[in-house]
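Below is one structure, written out as structure tokens, with a few remarks after it.
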Amino acid sequence: QVQLVESGGGLVQAGGSLTLSCAASGRTFSSNAMGWFRQAPGKEREFVAAINWSGGDRTYTDSVKGRFTISRDNAKNTLYLQMNTLKPEDTAVYYCAVRGKAWIGRRPPEYDYWGQGTQVTVSS
């Protein structure tokens, strides 16, 4: 059974940093693209960042460019999101996801497996 478990969320002041992790189990995802999405209360789930199977291709939504870095460790079957200079508008539940293809997607329906989410709250 495939499981994605996010960790690393929490409460941080504006300008602070957090690193999210997503540990996958049940199968190896070294040939799959992976991504991070977030959902704030009352809003739709939105794309944050994605990385292709090798880590050689990464993409970000404009609002996090220069502040967030997505990475992966295929040996550990783990995805990361380093978040710096956090802003109150980054507050959301963050989800990791795995795509059934090797290349990046930016839409939630393109992803096949999802974690349960981890809360990130940025206070002003």
Side-chain angles (χ1 to χ4, degrees):
Q1 182 180 357
V2 172
Q3 272 195 315
L4 301 177
V5 180
E6 300 99 334
S7 61
L11 173 63
V12 64
Q13 288 189 331
S17 299
L18 285 173
T19 300
L20 305 184
S21 299
C22 173
S25 62
R27 56 165 284 189
T28 299
F29 291 115
S30 58
S31 300
N32 299 78
M34 300 180 75
W36 288 98
F37 293 78
R38 65 188 180 187
Q39 189 167 16
K43 295 188 176 181
E44 292 188 352
R45 191 168 299 190
E46 66 170 356
F47 171 78
V48 175
I51 189 168
N52 75 332
W53 69 277
S54 68
D57 188 21
R58 314 176 194 199
T59 189
Y60 302 88
T61 192
D62 286 347
S63 63
V64 308
K65 283 180 181 176
R67 300 189 298 122
F68 291 10
T69 302
I70 189 171
S71 62
R72 65 189 295 164
D73 185 335
N74 285 342
K76 295 182 178 180
N77 223 20
T78 301
L79 178 70
Y80 303 97
L81 185 68
Q82 172 68 44
M83 305 186 295
N84 297 326
T85 320
L86 282 160
K87 303 176 180 180
E89 51 264 43
D90 295 318
T91 295
V93 177
Y94 283 70
Y95 298 89
C96 72
V98 177
R99 193 173 187 218
K101 300 183 184 296
W103 53 94
I104 289 169
R106 297 174 68 99
R107 299 181 303 115
E110 295 178 298
Y111 287 76
D112 300 290
Y113 301 102
W114 291 85
Q116 82 289 349
T118 186
Q119 177 70 47
V120 172
T121 303
V122 184
S123 63
S124 57

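Fair warning: this is a prediction, and the values are worked out from it, not measured in the lab.
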- Message: How close do Y111 and A50 get, counting heavy atoms only, and between which atoms?
- Response: OH-CB, 3.5 Å

- Item | Ring geometry between Y95 and W114 (parallel below 30°, tilted from 30 to 60°, perpendicular above 60°) | perpendicular

- Quick one: CD on E46 to CH2 on W36, what's the gap to the nearest 0.5 Å? 14.5 Å

- Atom OG of S25 and atom CG of L4: how far apart are they, to the nearest 0.5 Å? 7.5 Å

- How are the rings of F29 and Y113 set to each other: parallel, tilted or perpendicular (split at 30° and 60°)? tilted

- Note on the structure: Rounded to the nearest 0.5 angstrom, the CG-CZ distance for N32 and R72 is 7.0 Å

- Message: Could you check whether any side-chain N or O of D90 sits under 3.5 Å from a backbone N or O of K87, counting only pairs where one atom can act as donor and the other as acceptor?
- Response: yes

- Salt bridge D62-K65, side-chain N to carboxylate O under 4.0 Å: yes

- F68 vs Y94 aromatic rings, parallel, tilted or perpendicular, using cut-offs 30° and 60°? tilted

- Message: Quiz question: by atom type and distance under 3.5 Å, do the side chains of T121 and Q119 form a donor-acceptor pair?
- Response: yes

- Verdict with reasoning, T69 to L81, per side-chain contact (heavy atoms from CB on, under 4.5 Å): CA-CA 6 Å; T69 302; L81 185 68; over 6 Å; no

- Query: What is the minimum heavy-atom distance between S124 and P88, and which atoms define it?
  - Reply: CB-CG, 3.8 Å

- Check for a donor-acceptor pair, side chain of N52 on one end and backbone N or O of A33 on the other, with a separation under 3.5 Å. no

- Task: Please check if the side chain of T28 supplies one atom and the backbone of S30 the other of a donor-acceptor pair under 3.5 Å.
- Result: no

- Message: Keeping N77 on the side-chain end and R27 on the backbone end, is there a donor-acceptor pair under 3.5 Å?
- Response: yes

- Message: Testing the basics here: between I51 and L79, what is the closest heavy-atom pair and its distance to 0.1 Å?
- Response: CG2-CD1, 3.7 Å

- Heavy-atom check, side chain of C96 versus side chain of F37, under 4.5 Å: no

- Item | Distance-minimising heavy-atom pair for W53 and S31 | CB-C, 3.5 Å

- Query: Are side-chain heavy atoms of V98 and D112 found at a separation under 4.5 Å?
  - Reply: no

- Message: With a 4.5 Å cut-off on side-chain heavy-atom distances among I, L, V, M, F, W and Y, is there a chain of contacts connecting V48 to V93?
- Response: no

- Would you check, one step at a time, whether the test side-chain contact (heavy atoms from CB on, under 4.5 Å) holds for V120 with L18? CA-CA 9 Å; V120 172; L18 285 173; 3.9 Å; yes

- Please lay out, stage by stage, how V64 and R38 fare under the test side-chain contact (heavy atoms from CB on, under 4.5 Å). CA-CA 12 Å; V64 308; R38 65 188 180 187; 4.0 Å; yes

- Message: Treating D73 as the side-chain partner and K76 as the backbone partner, does any N or O pair qualify as donor plus acceptor under 3.5 Å?
- Response: yes

- Query: What pairs of residues pass the side chain to side chain donor-acceptor pair (under 3.5 Å) test when at least one of them lies in residues 7-23, not counting sequence neighbours?
  - Reply: S17-N84, T19-Q82

- Note on the structure: For I70 and M34 the tightest heavy-atom approach is CD1-O, 4.1 Å

- What are the two closest heavy atoms between T59 and R106, and how far apart are they? OG1-NH1, 2.8 Å

- Taken to the nearest 0.5 Å, the spacing of E6 CD from Y80 OH works out to 14.0 Å

- Linking I/L/V/M/F/W/Y whenever their side-chain heavy atoms sit closer than 4.5 Å, directly or via other members, would M83 and V122 fall into one cluster? yes

